[in-house]
Engineer: 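Would you mind keeping the following structure in view while I ask a few things?
What you see is a predicted model; the values in this text were computed from it and never measured. Computed from heavy atoms alone, side chains included, the values below leave out hydrogens, waters and symmetry copies.
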Amino acid sequence: MSTEAITPVFVRLKLSLLRNGLRQSGGRKAAYITSAVFALLFAALQLIGLIALRGHAHAESVVVLAVAVLGLGWAVMPLFFPSGDETLDPTRLVMLPLRPRPLVRALLTASLVGIGPLFTLCLLVGSVIAVARGGAAFAVGAVAVVLALLVCVALARAVAAANVRLLTSRKGRDLAVLSGLVIAIGAQIVNFGAQRIGASGLGELAPAAGVLRWVPPASAIGAVHAVGEGSYGLAAAQLALTAGALVALLALWSRHLTRLMTSPDGSTLPGAESAAKERSSTGLGRLLPPGRTGTVMERSLRYVWRDPKTKAAWVTSLAIGLIVPVFNAWQGTGSVYFACFAAGMLGIQMYNQFGQDTSAFWMVAMTISSTRDAYVELRARAYALLLITLPYATLVTVLTTAMLGDWRRLPEALGLSFALLGAMLATGAWTSARFPYSIPQEGYKNVAPGQTGLAWISIFGGMLAAALLCAPVIALTIWLNVSADGDDWTWLLLPVGTAYGAGLAAAGLKLAAPRTARRLPEILAAVSKG
């Protein structure tokens, strides 16, 4: 079948997929229409803003960075939203008698249908208008818009084809769950960048734009600006770079399509050897204590590594616990006490311990027949958390202190962190037994319907109780800092905070164990809901 024959077919297929998807439910149709309206409204406002930027001294820096970020968005979009476009999975076409090269052309054309390409087109057109000066610049801008748009679409398709096995697997779904982490980190970076620009002006963007104007698709916009400045050789080089990137991406996409069409899926091959290797791997078990304690610790750590929701919660806590103190220290507005944020973020993972097991908790419940069993179970889960949290909290505190150069306060910051961590282990163990709730395994919800109140009481009530339990150490810290001779004794806060946190954790586990043993049926019913 020729390219001319299959291209309209794929365009109609894309339109049919969109239309049939909207027919599935009224809610889906409403969500799609609402998102489309907001996306187009934002694109229109962005277009107006870029046009208003025309003539500004730093217009080229702004639009080059904007197009570079846009290209990055197209590159990562298939990784974090693999289910957003069913045509991103070319393995659905392996049984059709299609050659990769005509298929690439047809899929590339079909990819231009949708809200994303329209949004990109608006931004690119606005960018050209913002920097173009003269008829030649606008003529080059028309070519630049087409090239940049095709580069963005081809980049997304090439990334999707290269990772299609991952995106359709369990690990791919894990990656999609972690997309919230990327958004959280990106928001912090954007906030930091906005503060720097607000303090120093748009001139801060010039060094980055000077590099990115040679990176496709931003190089196409750089060519438009170069023509307006009379640098025709520079513009030709930047346009050639963009065209070369497009050819390279199409070739890469075609090669991955060929591999997908001709090579067998790994899921159809025997997996006994890898399974046996995994079963025989006991390196982690050898490092942990023997008996039930080591078994529970290993199970908890495997949840962190394998369960999508648990992994997402841990990675998000690790990232934000580092970002908040470090970014504030980097801006010169932080304090060593911000390092306690790391211990606090990871201490939250102690809450709703049994809810993380979901319906599989019945297997754990079968092994708990006494208060002693419940205590060992809770203690082992706390040990698993401490195995990560203690070195991490120490590292964040030392790093924050080093960035601020306030080494004198390192012992008290560490003491406060350890005391807070112990308090959160204590309250987390108790609320896990008193206010358990279910975590749905599918979708993005972290609380089963009807249990939101339990989640709020468990997490925020427990955090408030932990803050109150830390009051003695906080009061001692304040007293030593305001006392005339207190600076000579602030080092005592490290051993005092450590001992106090350990005592709180031990007491909390002791109090939670009998409640856990008595309420096993209620806990099982709560965590199995939904």
Side-chain angles (χ1 to χ4, degrees), residues 188 192 297 314 316-351 379 381-430 462-510:
Q188 291 293 332
F192 175 70
M297 289 180 67
W314 269 93
T316 303
S317 296
L318 288 168
I320 297 179
L322 176 67
I323 287 172
V324 171
V326 168
F327 268 49
N328 279 280
W330 192 3
Q331 297 178 77
T333 59
S335 165
V336 292
Y337 302 116
F338 278 24
C340 296
F341 201 82
M345 287 299 298
L346 293 189
I348 294 175
Q349 305 307 316
M350 188 64 188
Y351 293 86
R379 184 185 63 183
R381 291 175 184 245
Y383 282 167
L385 188 144
L386 288 172
L387 197 62
I388 301 173
T389 304
L390 279 177
Y392 177 80
T394 303
L395 175 63
V396 172
T397 306
V398 172
L399 180 60
T400 305
T401 304
M403 294 181 69
L404 294 171
D406 195 4
W407 292 104
R408 182 178 60 84
R409 300 192 185 278
L410 177 61
E412 55 190 278
L414 279 174
L416 280 172
S417 293
F418 295 156
L420 176 62
L421 180 58
M424 297 193 76
L425 289 178
T427 56
W430 191 84
M463 291 172 63
L464 178 61
L468 293 175
L469 288 174
C470 288
V473 180
I474 296 174
L476 179 60
T477 303
I478 295 174
W479 180 75
L480 288 177
N481 277 277
V482 300
S483 176
D485 300 326
D487 286 346
D488 297 332
W489 299 97
T490 53
W491 63 270
L492 285 174
L493 288 169
L494 177 56
V496 169
T498 303
Y500 185 75
L504 285 179
L509 294 173
K510 286 287 187 181

Engineer: Nearest 0.5 Å, what's the CD1-CG distance between Ile323 and Leu318?
Structural biologist: 10.5 Å
Engineer: Closest approach of Leu404 and Ser335, non-hydrogen atoms and distance?
Structural biologist: CD1-C, 3.5 Å
Engineer: Measure across Ala343 and Ala393 and return the closest heavy-atom pair with its distance rounded to 0.1 Å.
Structural biologist: CB-CB, 4.3 Å
Engineer: Rounded at 0.5 Å granularity, tell me how far OG1 in Thr394 sits from CZ in Phe418.
Structural biologist: 3.5 Å
Engineer: Quick check for you: to the nearest 0.5 Å, what is the distance between Leu421 atom CG and Met345 atom CE?
Structural biologist: 13.5 Å
Engineer: Has the side chain of Tyr392 got a donor or acceptor atom that lies under 3.5 Å from a matching backbone atom of Leu322?
Structural biologist: yes
Engineer: Check whether any side-chain heavy atom of Thr400 sits under 4.5 Å from a side-chain heavy atom of Asn328, and report yes or no.
Structural biologist: no
Engineer: Any heavy-atom pair between the side chains of Trp407 and Val398 that's under 4.5 Å?
Structural biologist: yes
Engineer: State, with a plain yes or no, whether a side-chain heavy atom of Leu386 is found less than 4.5 Å away from one of Leu425.
Structural biologist: yes
Engineer: Taking the side chain as every heavy atom from C-beta outward, state whether Ser317 and Ile348 have any pair of such atoms under 4.5 Å apart.
Structural biologist: no
Engineer: Where is the tightest heavy-atom contact between Met424 and Gly347, given as atom of each residue plus distance?
Structural biologist: CE-C, 3.9 Å
Engineer: Any non-hydrogen side-chain atom of Val473 less than 4.5 Å from a side-chain atom of Leu416?
Structural biologist: yes
Engineer: Evaluate the side-chain proximity of Arg409 to Thr401: yes if any heavy-atom separation is below 4.5 Å, no if none is.
Structural biologist: no
Engineer: Looking only at heavy atoms, which two atoms of Leu504 and Ala419 are closest? And how far apart?
Structural biologist: CD1-O, 4.4 Å
Engineer: Is the shortest heavy-atom distance from the side chain of Trp314 to the side chain of Leu346 under 4.5 Å?
Structural biologist: yes
Engineer: Just checking Tyr337: does its OH atom have more than 12 heavy atoms from other residues, nucleotides or ligands closer to it than 6.0 angstrom?
Structural biologist: yes
Engineer: Working to the nearest 0.5 Å, report the span between OG of Ser417 and CG of Leu494.
Structural biologist: 10.0 Å
Engineer: Considering all heavy atoms of both residues, which atom of Phe341 and which atom of Gly321 are nearest to each other, and what is their separation?
Structural biologist: CD2-CA, 4.1 Å
Engineer: Check whether any side-chain heavy atom of Val336 lies under 4.5 Å from a side-chain heavy atom of Glu412, and answer yes or no.
Structural biologist: no
Engineer: Say you draw a straight line from OG1 of Thr397 to CG of Leu414; how long is it, rounded to the nearest 0.5 Å?
Structural biologist: 4.5 Å
Engineer: Between Ala466 and Tyr351, what is the shortest heavy-atom contact and its length?
Structural biologist: CB-OH, 4.3 Å
Engineer: Could you state the interatomic distance from CG (Asn481) to CG (Leu493), rounded to the nearest 0.5 Å?
Structural biologist: 7.5 Å
